[in-house]
There are 2 protein chains.
Amino acid sequence: MITDASSCGQRFVDVEVLEKMDYETCKKMLARLSKGIAHPARIEIVRMLSNKPAEKKYICSDIVRALPLAQASVSQHLKILKETGWVYGEIDGARVRCSLVGNIMEYYRELVRKAIQE
Amino acid sequence: MITDASSCGQRFVDVEVLEKMDYETCKKMLARLSKGIAHPARIEIVRMLSNKPAEKKYICSDIVRALPLAQASVSQHLKILKETGWVYGEIDGARVRCSLVGNIMEYYRELVRKAIQE
DNA sequence: ATCGTCTATCGTCAATGCACGATTATAATA
DNA sequence: TATTATAATCGTGCATTGACGATAGACGAT
(Lines give C-alpha, C1' and ligand atoms only; values in the text may rest on other atoms or scores of the structure.)
Protein backbone atom coordinates (compact mmCIF):
# COMPACT_ATOMS: atom_id res chain seq x y z
CA MET A 1 0.00 0.00 0.00
CA ILE A 2 1.15 3.47 -0.84
CA THR A 3 0.84 6.13 1.80
CA ASP A 4 1.47 9.82 1.87
CA ALA A 5 4.76 10.99 3.22
CA SER A 6 3.50 13.98 5.11
CA SER A 7 6.64 16.09 4.97
CA CYS A 8 7.15 15.77 1.25
CA GLY A 9 5.18 18.75 -0.09
CA GLN A 10 3.15 19.05 -3.21
CA ARG A 11 3.32 16.81 -6.23
CA PHE A 12 2.63 19.41 -8.88
CA VAL A 13 3.23 23.10 -9.40
CA ASP A 14 1.10 25.39 -11.50
CA VAL A 15 2.77 28.00 -13.67
CA GLU A 16 -0.44 30.05 -13.71
CA VAL A 17 0.09 30.86 -10.03
CA LEU A 18 3.20 32.83 -10.90
CA GLU A 19 1.20 35.50 -12.69
CA LYS A 20 -0.52 36.63 -9.52
CA MET A 21 2.53 36.28 -7.31
CA ASP A 22 4.09 39.44 -5.89
CA TYR A 23 7.74 40.11 -6.51
CA GLU A 24 8.97 39.53 -2.97
CA THR A 25 7.44 36.05 -2.97
CA CYS A 26 8.90 35.34 -6.39
CA LYS A 27 12.35 36.30 -5.21
CA LYS A 28 12.17 34.06 -2.16
CA MET A 29 10.82 31.17 -4.16
CA LEU A 30 13.48 31.49 -6.84
CA ALA A 31 16.16 31.70 -4.15
CA ARG A 32 14.79 28.57 -2.51
CA LEU A 33 14.58 26.54 -5.70
CA SER A 34 18.01 27.73 -6.79
CA LYS A 35 19.52 26.59 -3.53
CA GLY A 36 18.05 23.18 -4.30
CA ILE A 37 20.18 22.79 -7.42
CA ALA A 38 23.23 24.58 -6.05
CA HIS A 39 25.14 21.31 -5.65
CA PRO A 40 26.26 18.87 -8.37
CA ALA A 41 24.96 15.82 -6.53
CA ARG A 42 21.50 17.31 -6.31
CA ILE A 43 21.53 18.21 -9.98
CA GLU A 44 22.47 14.62 -10.73
CA ILE A 45 19.52 13.40 -8.66
CA VAL A 46 17.09 15.77 -10.36
CA ARG A 47 18.37 14.61 -13.71
CA MET A 48 17.96 10.95 -12.81
CA LEU A 49 14.38 11.56 -11.74
CA SER A 50 13.45 13.70 -14.71
CA ASN A 51 14.57 11.04 -17.16
CA LYS A 52 12.54 8.32 -15.52
CA PRO A 53 9.14 7.24 -16.83
CA ALA A 54 6.48 7.69 -14.16
CA GLU A 55 5.78 3.99 -13.78
CA LYS A 56 9.41 3.18 -13.04
CA LYS A 57 10.25 5.45 -10.18
CA TYR A 58 13.54 5.26 -8.37
CA ILE A 59 13.71 4.31 -4.77
CA CYS A 60 16.31 5.96 -2.55
CA SER A 61 18.70 3.04 -2.70
CA ASP A 62 18.84 3.32 -6.49
CA ILE A 63 20.07 6.86 -6.05
CA VAL A 64 22.58 5.88 -3.38
CA ARG A 65 23.96 3.28 -5.76
CA ALA A 66 24.28 5.78 -8.59
CA LEU A 67 26.15 8.44 -6.63
CA PRO A 68 29.64 8.27 -5.12
CA LEU A 69 28.33 9.26 -1.69
CA ALA A 70 27.37 7.55 1.53
CA GLN A 71 23.74 6.70 2.14
CA ALA A 72 23.45 9.35 4.86
CA SER A 73 24.74 12.04 2.50
CA VAL A 74 22.33 11.10 -0.26
CA SER A 75 19.46 11.10 2.22
CA GLN A 76 20.49 14.57 3.28
CA HIS A 77 20.56 15.81 -0.32
CA LEU A 78 17.14 14.28 -0.91
CA LYS A 79 15.86 16.10 2.14
CA ILE A 80 17.09 19.40 0.75
CA LEU A 81 15.49 18.63 -2.61
CA LYS A 82 12.20 18.02 -0.81
CA GLU A 83 12.50 21.13 1.35
CA THR A 84 13.32 23.33 -1.63
CA GLY A 85 10.42 21.99 -3.65
CA TRP A 86 12.02 19.82 -6.33
CA VAL A 87 11.18 16.32 -5.18
CA TYR A 88 8.53 14.44 -3.30
CA GLY A 89 8.52 10.90 -1.99
CA GLU A 90 5.85 8.27 -1.76
CA ILE A 91 6.24 5.72 0.96
CA ASP A 92 5.80 2.19 -0.34
CA GLY A 93 6.42 -0.24 2.47
CA ALA A 94 9.97 0.05 3.64
CA ARG A 95 10.87 1.93 0.48
CA VAL A 96 10.42 5.49 -0.67
CA ARG A 97 9.78 6.13 -4.31
CA CYS A 98 11.15 9.49 -5.32
CA SER A 99 9.65 11.68 -8.03
CA LEU A 100 10.27 15.08 -9.47
CA VAL A 101 7.52 17.52 -8.60
CA GLY A 102 5.27 17.73 -11.61
CA ASN A 103 6.01 20.57 -14.00
CA ILE A 104 8.81 21.86 -11.83
CA MET A 105 11.18 22.43 -14.72
CA GLU A 106 8.80 24.73 -16.58
CA TYR A 107 7.93 26.38 -13.29
CA TYR A 108 11.57 27.06 -12.50
CA ARG A 109 12.38 28.41 -15.92
CA GLU A 110 9.37 30.69 -15.82
CA LEU A 111 10.28 31.83 -12.31
CA VAL A 112 13.76 32.78 -13.47
CA ARG A 113 12.22 34.81 -16.26
CA LYS A 114 9.69 36.53 -14.04
CA ALA A 115 11.95 37.24 -11.08
CA ILE A 116 14.81 38.60 -13.13
CA GLN A 117 13.52 39.94 -16.40
CA GLU A 118 10.34 41.71 -15.34
CA MET B 1 39.49 56.38 -17.81
CA ILE B 2 38.06 52.93 -17.70
CA THR B 3 40.26 50.06 -16.64
CA ASP B 4 39.83 46.36 -16.38
CA ALA B 5 38.98 44.93 -13.01
CA SER B 6 41.15 41.87 -13.25
CA SER B 7 39.21 39.64 -10.88
CA CYS B 8 35.86 40.18 -12.49
CA GLY B 9 35.75 37.40 -15.06
CA GLN B 10 34.32 37.42 -18.54
CA ARG B 11 31.82 39.88 -19.93
CA PHE B 12 29.95 37.54 -22.21
CA VAL B 13 29.02 33.91 -22.33
CA ASP B 14 28.42 31.88 -25.44
CA VAL B 15 25.58 29.39 -25.52
CA GLU B 16 27.30 27.50 -28.34
CA VAL B 17 29.97 26.37 -25.90
CA LEU B 18 27.40 24.34 -24.00
CA GLU B 19 26.97 21.91 -26.86
CA LYS B 20 30.50 20.61 -26.56
CA MET B 21 30.58 20.66 -22.78
CA ASP B 22 30.71 17.33 -20.97
CA TYR B 23 28.09 16.55 -18.39
CA GLU B 24 30.32 16.79 -15.33
CA THR B 25 31.34 20.30 -16.29
CA CYS B 26 27.73 21.23 -16.97
CA LYS B 27 26.69 20.04 -13.56
CA LYS B 28 29.38 22.02 -11.80
CA MET B 29 28.63 25.13 -13.81
CA LEU B 30 24.91 24.92 -13.17
CA ALA B 31 25.57 24.36 -9.47
CA ARG B 32 27.84 27.40 -9.39
CA LEU B 33 25.43 29.70 -11.21
CA SER B 34 22.52 28.45 -9.11
CA LYS B 35 24.39 29.25 -5.94
CA GLY B 36 24.75 32.77 -7.29
CA ILE B 37 21.00 33.35 -7.28
CA ALA B 38 20.30 31.31 -4.14
CA HIS B 39 19.69 34.46 -2.10
CA PRO B 40 16.92 37.05 -2.51
CA ALA B 41 19.30 40.00 -2.29
CA ARG B 42 21.39 38.65 -5.14
CA ILE B 43 18.31 38.05 -7.26
CA GLU B 44 17.33 41.64 -6.63
CA ILE B 45 20.75 42.81 -7.78
CA VAL B 46 20.65 40.68 -10.91
CA ARG B 47 17.20 42.06 -11.67
CA MET B 48 18.36 45.65 -11.21
CA LEU B 49 21.23 45.10 -13.59
CA SER B 50 19.22 43.25 -16.21
CA ASN B 51 16.69 46.06 -16.46
CA LYS B 52 19.30 48.71 -16.97
CA PRO B 53 20.22 50.02 -20.41
CA ALA B 54 23.88 49.49 -21.16
CA GLU B 55 24.75 53.17 -21.23
CA LYS B 56 23.34 53.77 -17.75
CA LYS B 57 25.11 51.24 -15.63
CA TYR B 58 24.73 51.13 -11.89
CA ILE B 59 27.64 51.79 -9.64
CA CYS B 60 27.94 49.89 -6.39
CA SER B 61 26.58 52.71 -4.27
CA ASP B 62 23.37 52.71 -6.32
CA ILE B 63 22.87 49.10 -5.33
CA VAL B 64 23.68 49.76 -1.69
CA ARG B 65 21.06 52.49 -1.71
CA ALA B 66 18.45 50.21 -3.24
CA LEU B 67 18.86 47.34 -0.80
CA PRO B 68 18.11 47.24 2.93
CA LEU B 69 21.62 46.04 3.71
CA ALA B 70 24.88 47.51 4.89
CA GLN B 71 27.52 48.43 2.36
CA ALA B 72 29.74 45.57 3.47
CA SER B 73 26.96 43.05 2.95
CA VAL B 74 26.15 44.31 -0.52
CA SER B 75 29.80 44.23 -1.44
CA GLN B 76 29.92 40.63 -0.28
CA HIS B 77 26.90 39.70 -2.38
CA LEU B 78 28.43 41.41 -5.39
CA LYS B 79 31.59 39.41 -4.84
CA ILE B 80 29.60 36.18 -4.89
CA LEU B 81 27.79 37.29 -8.04
CA LYS B 82 31.18 37.88 -9.66
CA GLU B 83 32.63 34.60 -8.45
CA THR B 84 29.63 32.61 -9.64
CA GLY B 85 29.68 34.24 -13.05
CA TRP B 86 26.67 36.54 -13.10
CA VAL B 87 28.24 39.97 -12.84
CA TYR B 88 31.38 41.82 -13.81
CA GLY B 89 32.60 45.23 -12.82
CA GLU B 90 34.41 47.94 -14.71
CA ILE B 91 36.51 50.26 -12.68
CA ASP B 92 35.84 53.88 -13.52
CA GLY B 93 37.90 56.08 -11.29
CA ALA B 94 36.81 55.60 -7.72
CA ARG B 95 33.63 53.90 -8.87
CA VAL B 96 32.82 50.45 -10.14
CA ARG B 97 30.15 50.11 -12.76
CA CYS B 98 28.42 46.77 -12.44
CA SER B 99 26.96 44.87 -15.36
CA LEU B 100 25.29 41.58 -15.94
CA VAL B 101 27.47 39.18 -17.89
CA GLY B 102 26.28 39.35 -21.48
CA ASN B 103 23.78 36.66 -22.46
CA ILE B 104 23.89 35.08 -19.02
CA MET B 105 20.13 34.65 -18.76
CA GLU B 106 19.88 32.64 -21.96
CA TYR B 107 23.00 30.76 -20.95
CA TYR B 108 21.55 29.85 -17.57
CA ARG B 109 18.21 28.75 -18.93
CA GLU B 110 19.92 26.61 -21.56
CA LEU B 111 22.23 25.15 -18.93
CA VAL B 112 19.25 24.15 -16.79
CA ARG B 113 17.75 22.42 -19.80
CA LYS B 114 20.94 20.64 -20.77
CA ALA B 115 22.06 19.59 -17.29
CA ILE B 116 18.69 18.27 -16.22
CA GLN B 117 16.70 17.26 -19.24
CA GLU B 118 19.31 15.58 -21.39
C1' DA C 1 10.24 -14.05 16.29
C1' DT C 2 14.30 -13.12 13.82
C1' DC C 3 16.81 -11.53 9.99
C1' DG C 4 18.05 -8.53 6.24
C1' DT C 5 16.79 -4.39 3.64
C1' DC C 6 15.62 0.29 3.28
C1' DT C 7 15.60 4.97 4.86
C1' DA C 8 15.78 8.77 8.21
C1' DT C 9 18.06 10.79 11.83
C1' DC C 10 21.78 11.72 15.25
C1' DG C 11 26.25 13.43 16.40
C1' DT C 12 30.49 15.23 14.82
C1' DC C 13 33.70 17.87 12.22
C1' DA C 14 35.43 21.28 9.03
C1' DA C 15 34.10 24.61 5.79
C1' DT C 16 31.12 28.12 4.14
C1' DG C 17 27.43 31.69 4.27
C1' DC C 18 25.54 35.88 5.89
C1' DA C 19 25.14 39.82 8.63
C1' DC C 20 27.48 43.80 10.70
C1' DG C 21 30.81 47.72 12.16
C1' DA C 22 35.36 49.23 11.48
C1' DT C 23 39.13 49.96 8.67
C1' DT C 24 41.77 50.59 4.51
C1' DA C 25 42.83 51.92 -0.23
C1' DT C 26 42.00 54.60 -4.11
C1' DA C 27 40.39 58.42 -6.68
C1' DA C 28 38.11 62.82 -7.24
C1' DT C 29 37.69 67.36 -5.51
C1' DA C 30 38.16 71.53 -2.84
C1' DT D 1 47.58 68.92 0.68
C1' DA D 2 43.43 67.89 3.05
C1' DT D 3 38.90 66.25 2.55
C1' DT D 4 35.27 63.54 0.80
C1' DA D 5 33.26 59.68 -1.71
C1' DT D 6 33.51 55.00 -3.23
C1' DA D 7 34.25 50.24 -2.69
C1' DA D 8 36.88 46.33 -0.91
C1' DT D 9 38.47 43.93 2.91
C1' DC D 10 39.14 42.65 7.87
C1' DG D 11 37.43 40.68 11.96
C1' DT D 12 33.63 38.88 14.44
C1' DG D 13 29.62 36.13 15.60
C1' DC D 14 26.26 32.98 14.46
C1' DA D 15 23.78 29.74 11.44
C1' DT D 16 24.01 26.54 7.76
C1' DT D 17 26.12 23.14 4.65
C1' DG D 18 28.17 18.91 3.47
C1' DA D 19 30.63 14.93 4.54
C1' DC D 20 30.73 10.72 7.29
C1' DG D 21 29.83 6.56 10.56
C1' DA D 22 26.64 4.90 13.71
C1' DT D 23 22.17 4.10 15.05
C1' DA D 24 17.20 3.56 15.03
C1' DG D 25 12.77 2.49 13.09
C1' DA D 26 9.80 0.39 9.67
C1' DC D 27 8.84 -3.20 6.65
C1' DG D 28 9.00 -7.82 4.18
C1' DA D 29 10.52 -12.40 4.13
C1' DT D 30 11.87 -16.58 6.25
Side-chain angles (χ1 to χ4, degrees), chain A residues 1-9 27-28 31-45 48-49 57-84 86-99, chain B residues 1-9 27-28 31-45 48-49 57-84 86-99:
Chain A
M1 210 257 274
I2 296 173
T3 325
D4 256 326
S6 60
S7 67
C8 292
K27 258 196 313 194
K28 284 178 195 161
R32 187 167 62 94
L33 281 168
S34 298
K35 182 152 56 169
I37 54 169
H39 191 286
R42 295 200 292 272
I43 293 172
E44 180 70 54
I45 294 172
M48 284 181 66
L49 298 179
K57 289 173 179 171
Y58 282 112
I59 64 173
C60 293
S61 62
D62 294 330
I63 299 170
V64 172
R65 216 170 303 119
L67 297 186
L69 291 173
Q71 181 265 328
S73 305
V74 172
S75 183
Q76 201 168 244
H77 281 304
L78 280 170
K79 188 181 182 189
I80 293 172
L81 284 171
K82 287 170 189 167
E83 286 169 354
T84 55
W86 284 93
V87 166
Y88 69 95
E90 287 170 300
I91 295 176
D92 177 10
R95 304 168 180 206
V96 174
R97 304 196 310 193
C98 297
S99 308
Chain B
M1 211 258 274
I2 295 173
T3 325
D4 257 329
S6 60
S7 65
C8 293
K27 259 197 310 196
K28 284 178 195 162
R32 187 166 62 94
L33 281 168
S34 298
K35 181 150 60 168
I37 54 170
H39 191 287
R42 294 198 293 271
I43 294 173
E44 180 72 53
I45 294 171
M48 283 182 66
L49 298 180
K57 289 174 180 171
Y58 282 111
I59 63 172
C60 293
S61 62
D62 295 329
I63 299 171
V64 172
R65 216 170 302 119
L67 297 186
L69 291 173
Q71 182 264 327
S73 306
V74 172
S75 183
Q76 202 168 242
H77 282 303
L78 280 170
K79 189 181 180 187
I80 293 173
L81 284 171
K82 287 170 189 167
E83 286 169 354
T84 55
W86 284 93
V87 166
Y88 68 94
E90 288 171 299
I91 296 176
D92 177 10
R95 304 169 180 205
V96 175
R97 303 196 309 192
C98 297
S99 308

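Order of the sequence lines sets the chain letters (A, B, ...), proteins ahead of strands, with each chain counted from 1. What you see is a predicted model, and the numbers here were worked out from it, not measured in a lab.
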Could you tell me if the side chain of [Y] sits less than 4.5 Å from the side chain of [X], heavy atoms only?
X	Y	value
B/S61	B/R65	yes
B/L49	B/C98	yes
B/I63	B/H77	no

Closest-nucleotide 5' rank along DNA chain C - winner of A/I59 and B/E83: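 Per heavy-atom nearest nucleotide, the more 5' residue is A/I59.
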
Ignoring hydrogens and geometry, is there a side-chain-to-backbone donor-acceptor pair from B/S75 to B/Q71 under 3.5 Å?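 Answer holds: no.
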
So does B/K35 get a backbone contact from the side chain of B/R42, meaning a donor-acceptor N/O pair under 3.5 Å?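 Between the backbone of B/K35 and the side chain of B/R42 there is a qualifying donor-acceptor contact (under 3.5 Å).
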
Interatomic distance where [atom1] belongs to [X] and [atom2] belongs to [N] [whole Å]:
X	N	atom1	atom2	value
A/L81	D/dG18	CG	C1'	14 Å
B/R97	C/dA28	CZ	P	13 Å
B/R32	D/dT17	CZ	C1'	19 Å
B/E90	D/dT6	CD	P	19 Å
B/I80	D/dT17	CD1	P	14 Å
B/D92	D/dA8	CG	P	13 Å
A/I63	C/dA8	CD1	P	10 Å
B/I91	C/dA28	CD1	C1'	15 Å

Please name the pair of heavy atoms, one in [X] and one in [Y], separated by the smallest distance, quoted to 0.1 Å.
X	Y	result
A/G93	A/I91	O-CG2, 3.6 Å
A/G36	A/L81	O-CD2, 3.7 Å
B/I43	A/K27	CD1-O, 3.4 Å
B/V96	B/G89	CG1-CA, 3.9 Å

Specify the residue among B/R65 and A/R95 whose closest nucleotide of DNA chain D lies further upstream toward the 5′ end.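 That would be B/R65.
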
Start at the 5' end of DNA chain D and walk down; is the nucleotide closest to A/L69 or to A/A94 reached first?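 Residue closer to the 5' terminus by nearest nucleotide: A/L69.
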
Output the residues of residues 34-45 of chain A in contact with DNA chain D, where contact means a heavy atom of the residue under 4.0 Å from an atom of the strand; sort by number or write none. A/K35, A/H39, A/R42

Strictly below 4.0 Å: does B/S61 bring a side-chain N or O up to OP1 or OP2 of D/dA7?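 So the side chain of B/S61 is within the cut-off, an N or O lying under 4.0 Å from OP1 or OP2 of D/dA7.
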
List in numerical order all residues of residues 70-78 of chain B for which some heavy atom is under 4.0 Å away from an atom belonging to DNA chain C. B/A70, B/A72, B/S73, B/Q76, B/H77

